[in-house]
Structure formats: structure tokens, C-alpha cells
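The shown structure was predicted, so the numbers you read here are calculated from the model rather than taken from an experiment. Letters go in sequence order (proteins before strands), and every chain restarts at 1.
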There are 2 protein chains.
Amino acid sequence: MVDETTEKPPLILEDFLPYRLNKAAEAISQRFAGLYRDQYGLTRPEWRTLATLGQFGVLTATAIGTHSSMHKTKVSRAVFALEQRYWLRRKRDEADRRIENLELTPAGRKVYADLAKVAHAFEAELLSNLGPHGEKELKAGLAALEAYFR
Amino acid sequence: MVDETTEKPPLILEDFLPYRLNKAAEAISQRFAGLYRDQYGLTRPEWRTLATLGQFGVLTATAIGTHSSMHKTKVSRAVFALEQRYWLRRKRDEADRRIENLELTPAGRKVYADLAKVAHAFEAELLSNLGPHGEKELKAGLAALEAYFR
DNA sequence: AATAGATCGTCACAATTGCAACTAAATTGA
DNA sequence: TCAATTTAGTTGCAATTGTGACGATCTATT
């Protein structure tokens, strides 16, 4: 005997992992984006470019794209924007003249250093709200996911 | 004495939670999107609209947007696209004639039912690769995050 | 050494998205 | 009661993003 009134929907989005992951990631990203947008007028691709260069020092545009999974035109435009503000400079590679070696300027490094602090503070605030258990579990869960994708 | 050669970068993206979360979410979403795109030619907003309606039965466009955090124009266009395929129909609300009550057609429910199965299989596959520990931790970590945002 | 193919970054163009204005309808409140 | 405000959904336009083609350069094969 079928009870129409209590029939369960085939898929509960709130329980579906891709949905949950996406929503959480989007919520966090937006909050953090508010910080670098308000303080430095950076877009997401620009922040990612800045952060990647800040971490690795000297990189090509292609390498930035690979590392941060951004399309090469996105990187190209972000690089242009950062260059306009003198936060980044290009140096043509003498050995391979197709390549541009990108590097933050002192001004760019300053912005990066400041935003790195903001990022750490943001993360600390977030983690403190998850409690030690939540933090451990989230990190372990993410690590498992990353291992799977790798 | 400062050792320039071993100086640590201010921020390691691979350890930064928003970055990790985003990358994982994006990787998963893209894989899953490949399925509904290949099998039914659905875009992401269309799939979300279909899934939300499938789960809740009858909703307004605004409610869909609220629930799935999509901009109302995105919803509007997704609804239009689904309507074109006769997977969804609108019924003006007699009590409040601004409102459209949206509902999947039998054809739409069929697509939804099939994709719900695909979704469950996808999730099961994913979870099986995380192992029981990874699964538990990921779910608990996400729950902690969700509790924080709520 | 010369040709073919690959790679780097950019640009023009197309598709997608978001913002703001709009129509239509309901609600509020003087 | 009826003007002012709010709400639902759509549309035009602008900004953002992705696609494909391109010039320049390098590498591989012969």
C-alpha cells in the first residue's frame, strides 16, 4: 500500500554532497572576497593571481592558471589589471622569448603581505567557530577529497 | 640573522581553507555537471532549478532562487528554458496573480527521477573513494560549517 | 637547415551573468 | 479609498567569462 502523502523526494539537496560543498565554498568565498574587494578593489581572479605570485615568487601566466585552475584569458586579464596598478611586472625570458616571468613589485608585495594577514585572520576566525572537532574533521575530510582527486 | 633562501611565503594557498574548499567544490561540481550536460543538455542553473522543483514539488521562482542561492534572473532564464522543453509548467496563482506556481511536468519528473539516480550513484562512488573515515569526517566538517553559517 | 607541430600570451567575438529599470499586482496606511 | 510602497517576474544593457583564431617563438623530425 502506497502512502502518497509521505512519499520521499528522490533527492534531498541538503544532503547531497556536491550541493553542500558548493554552498559552503561559495558562502566562504564571498565573505572573504568582500575583504579584498573593500580594502583593495581586487576581483577574484586578481586576488588569486596576486596570491599565487606572492606564494611562488616568479611564475609564468600559464603556471598561474594551472595552479589556480583559471582559464588563461582570465589570468591574462588579471595580470594586465595588476600591472596597471604597478603591483606586478613582467620580464621577458631571455632563453624562451614566448614566456613572461611575472613577479610582484614591492608595492604588490606589500598588498599581498597585508592580505595574507587578513586571510589568516579570516581563517582563524572561521576555525574558531567550528570548534576543535569541526576543524579537525573538516581538514581531514578535505584531505580525503584532495587525495581522491589527485 | 635572516636566511633569505628559506623564507616562508606569508600564505600557503594549499593550506588555506577557502581555497581548498573552493577547489574541491569546483572539481566535484564540474564532474557532476558533465553527467547532466551530456545526458540531458542541462546547464548548471537549469539542473539546480529542476532539482529544487523535483524535491519540493511546487514552488515560485523566487523560492527557487532563495533556496538554491541563484539570482532571480538566472532562475527566470532557467525556468524559461525548462518550460521550452516541456519539463516544467507555470500556473498563475489565483489568490496572488503576481505569483507563478512552478511544477515539473511528467516528462520533467522523469528526467529528474533519472538524474536523481545518477546523483546518488555519483555520490556513492565519491564516498566509497573517501573510505568510511573520510566520509564521516567530511560530513561532520561540512555540518560544522553549515551550523556556523546558519 | 627547413618544415611541421607545439606552446605562450593576446585579441575579437560569442555566450553567460548581473544590475537596474520596468510592468503588473498586492499591501499599507493616511 | 486611493496614493505610496512593496513584491514577483521579465527585459535591456553592461560587465564578465569562455572560445577560437592569431602572431610569435620554440622544439622535433628529417
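Atom pair B:Arg37:CZ and C:dT16:C1' shows a separation of 15 Å (rounding to whole Å applied). In this structure, CE of A:Met70 is placed 14 Å from C1' of C:dG9, rounded to the nearest angstrom. In this entry the distance linking CZ of A:Arg90 with C1' of C:dG9 reads 9 Å, nearest Å. In this structure, NE2 of A:His71 is placed 17 Å from P of C:dA14, rounded to the nearest angstrom. Distance, B:Asp96 CG to C:dA26 P: 6 Å, rounded to whole Å. Atom NZ in A:Lys91 sits roughly 19 Å away from atom P in C:dC8 (whole-Å rounding). Atom pair B:Lys74:NZ and C:dC19:C1' shows a separation of 14 Å (rounding to whole Å applied). Distance A:Lys72 NZ to C:dT7 C1': 8 Å, rounded to the nearest Å.
Cluster annotation: B:Leu17 is connected to A:Phe149 through the hydrophobic network of ILVMFWY side chains, with a link wherever side-chain heavy atoms come within less than 4.5 Å.
Phosphate proximity of C:dC8 to A:Thr60: absent, as no side-chain N or O sits under 4.0 Å from OP1 or OP2. Between A:Arg97 and D:dT25 there is a side-chain N or O to OP1 or OP2 distance below 4.0 Å.
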Next item on the list: Evaluate ring pair (Phe, Tyr, Trp, His ring centres under 6.0 Å) for B:Phe56 paired with B:His67, printing each intermediate quantity in order.
Entry: CA-CA 10 Å; B:Phe56 293 103; B:His67 186 271; 4.8 Å; yes
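Comparing C:dC19, D:dG9, D:dT19 by their nearest atom to the side chain of B:Arg77 picks out C:dC19. For B:Thr73, whose side chain is taken as the heavy atoms from C-beta onward, the closest listed nucleotide among C:dA6, C:dC19, D:dA8 is C:dC19. For A:Arg98, the side-chain atoms get nearest to D:dA24 when compared with the rest of D:dA8, D:dA24, D:dC13.
Between B:Arg44 and B:Glu26 a salt bridge is recorded (basic side-chain N to carboxylate O distance below 4.0 Å).
In this structure, the ring of A:Tyr112 has its center no less than 6.0 angstrom from the ring center of A:Tyr40. Taking the six-membered ring where the residue is Trp, the centroids of A:Tyr19 and B:Phe32 are separated by 6.0 Å or more.
Counting heavy-atom neighbours within 6.0 Å of A:His120 NE2, excluding the residue itself, gives a total above 12.
Across the helix from C:dA1-D:dT30 to C:dA30-D:dT1, the helix axis at one end is tilted relative to the axis at the other end by 20° (nearest 10 degrees, each axis from five pairs).
With A:Glu83 as the partner, the salt bridge (charged side-chain N to carboxylate O under 4.0 Å, His left out) test is satisfied by one option alone out of A:Arg89, A:Arg90, A:Lys91: A:Arg90.
Using a 4.0 Å heavy-atom cutoff across all strands shown, A:Arg92 reaches no nucleic acid atom at all. Using a 4.0 Å heavy-atom criterion, one finds that A:Ala95 contacts the sugar-phosphate atoms exclusively.
DNA chain D is contacted by both B:Glu100 and A:Glu94; B:Glu100 maps to the nucleotide lying nearer its 5′ end (nearest heavy atom per residue).
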